[in-house]
Q: 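Here you go, one structure.
Read the numbers this way: they start at 1 and go in the same order the structure lists the ligands and their atoms. All values derive from a computational prediction rather than experimental measurement.
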Amino acid sequence: MFPNRILVFTVLALTRHAAAAGVTGAAEGFAKGVTGGGSATAVYPSTNAELVSYLGDSSARVIILTKTFDFTGSEGTVSGTGCAPWGTGSACQTAINQNNWCTNYEASAPSVSVSYDKAGILGITVGSNKSLVGQGSSGVIKGKGLRIINAKNVIIQNVKITNLNPKYVWGGDAITLDNTDLVWIDHVSTSLIGRQHIVLGTSASNRVTISNCDIDGTTSWSPNCDSYHYWNVLFLGSQDLITFKNNYVRHFSGRAPKIGGNTLAHVVNNYFYQTDSSGHAFEIDSGGMVLAEGNVFQNVVNVVTSPVGGQAFTSPDSSSNAACSSYLGRACVVNAFGSSGAFNIKNTGFLTNFSGKNVASASSATDAKNVVNTAGYGKI
Ligand SMILES: *[C@@H]1O[C@H](CO)[C@@H](O)[C@H](O)[C@H]1NC(C)=O
Ligand SMILES: *[C@@H]1O[C@H](CO)[C@@H](O)[C@H](O)[C@H]1NC(C)=O
């Protein structure tokens, strides 16, 4: 009897592990076809060092997070002199003199003492062919971000990244991509980040899908000294195709998102919620190409900051939206605005860049309202 019982328990435990292992669903849009670690046997890191090793080695891996990996304090604290470009009030973000940023760009700003967690400054290196997946709502990385650089075929799903020196500009980026291809960031929550929540650097990051993420800019330290994070989503790549779908972008004052370089961004069915009157959501710089459709803007007073240096098509009405049919194979879908400013730009020249690509579907903005219930980690 007794050994049988043990066997039953073991089988149950294994079954439960196996059911949670691996990626749920598949990427839609530009990163369609990404496989990450594919069918590699799942590994379950138990220490920070194991997590770092699995993410950075050259094997294809499915890495399951079953707990919080807390990196705060793991590399010690650094004290020094930084600067206060936006004032020294307790709600103002101040800056670390990272790469002499204060010295070179904010020479007239008051100097301030800074003391920050070193682990937050540089994220964990993520190599090619990796799936990093949280189990249930237990996959949390605290105090350190992820750097997907010179890597291809990566999936990050159902993970929360939080607490990267939020007091300080240059305190750390949650997710960095540069020189990549086929990356899918899905159901990821980011909060309390010093610098960018998501940043695509100036090299080509190629095909990327960012979906179902909860990008929460709520903070006690911001450039406007008003609790709204400024450095949210930054796309600067030199040849980037980004699908940004079903994300909940909230409590921001800028760069939500900022798009430049040579970036084609399909911004579809997201829920933007701000409540701050002094900041903005979109910043579209030279080289940025933005198709925005089926999104909800709620309490976003400045949907786009002026001037618009790049191109955009904001799907303003059904007769204009028919222009999408030749390139996307369907008409575009209008956005919805609640207590929000205008977003009415009708450049159609760049829509040809969608031809022949994997393009995400769009549902109505009414459906996008539900994103507040479905975005983020722990919601799969
Ligand atoms: C990733 O997987 C592909 C396909 O199996 C392989 O060709 C490539 O070499 C792998 N990349 C690395 C860095 O291991
Ligand atoms: C978009 O199309 C233009 C002109 O055809 C091309 O120069 C550019 O590289 C394309 N950009 C992307 C991100 O595909």
Q: Could you note down all residue pairs passing side chain to side chain donor-acceptor pair (under 3.5 Å) where residues 182-195 supplies at least one of them, sequence neighbours left out?
A: Q157-D186, T162-S191, W184-S211, D186-S211, D186-N212, T190-H197
Q: Quiz question for you: does at least one protein heavy atom lie closer than 4.0 Å to atom 14 (O) of ligand 1?
A: yes
Q: Return yes or no for this condition: an N or O of T263 is under 3.5 Å from an N or O of ligand 2.
A: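 So ligand 2 has no N or O lying under 3.5 Å from an N or O of T263.
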Q: Which protein heavy atom lies closest to atom 4 (C) of ligand 1, and at what distance to 0.1 Å?
A: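 For atom 4 (C) of ligand 1, the nearest protein heavy atom comes out as N129 ND2, 4.7 Å.
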Q: Starting from atom 5 (O) of ligand 2, which protein heavy atom do you reach first, and at what distance in Å?
A: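 The closest one turns out to be N353 OD1, 4.4 Å.
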Q: Which ligand 2 atoms are under 4.0 Å away from a heavy-atom of D240?
A: 13 (C)
Q: Check whether any protein heavy atom sits under 4.0 Å from atom 7 (O) of ligand 2.
A: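 No, there is none.
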Q: What is the ring orientation for F297 with F343, classed by angle as parallel under 30°, tilted 30 to 60°, or perpendicular over 60°?
A: perpendicular
Q: Under 3.5 Å, N or O to N or O, is N262 touching ligand 2 that way?
A: yes
Q: Checking side-chain polar atoms at under 3.5 Å, does S361 have a donor or acceptor matched by the opposite partner on E28?
A: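 Yes - a donor-acceptor pair under 3.5 Å links their side chains.
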Q: Flag this pair as yes if the NZ/CZ of K67 is under 6.0 angstrom from the six-membered ring centre of F69 and inside a 45 degree cone about the axis; otherwise no.
A: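 Pair K67/F69 counts as cation-pi.
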Q: Can we call the ring centroids of Y248 and Y271 under 6.0 Å apart?
A: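 Between Y248 and Y271, the centre distance is under 6.0 Å.
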Q: Is a side-chain donor-acceptor pair under 3.5 Å present for S222 with D226?
A: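 Result is yes, a qualifying pair exists.
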Q: Is at least one protein non-hydrogen atom found at under 4.0 angstrom from atom 2 (O) of ligand 1?
A: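 Yes, because at least one protein heavy atom sits under 4.0 Å from atom 2 (O) of ligand 1.
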Q: Is S58 in contact with ligand 1, taking contact as a heavy-atom separation below 4.0 Å?
A: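 Judged by the 4.0 Å heavy-atom criterion, S58 does count as contacting ligand 1.
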Q: Using a 4.0 Å heavy-atom threshold (strictly under), name the region of M289 that reaches ligand 2: side chain, backbone, both or neither.
A: side chain
Q: Between F272 and F282, is the ring centre distance below 6.0 Å?
A: yes
Q: Is T352 close enough to touch ligand 2? Criterion: a residue heavy atom under 4.0 Å from a ligand atom.
A: no
Q: Looking at V267, is its backbone amide N or carbonyl O close enough to the side chain of N295 to form a donor-acceptor pair, meaning the two atoms are under 3.5 Å apart?
A: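 Side chain of N295 to backbone of V267: a pair is present.
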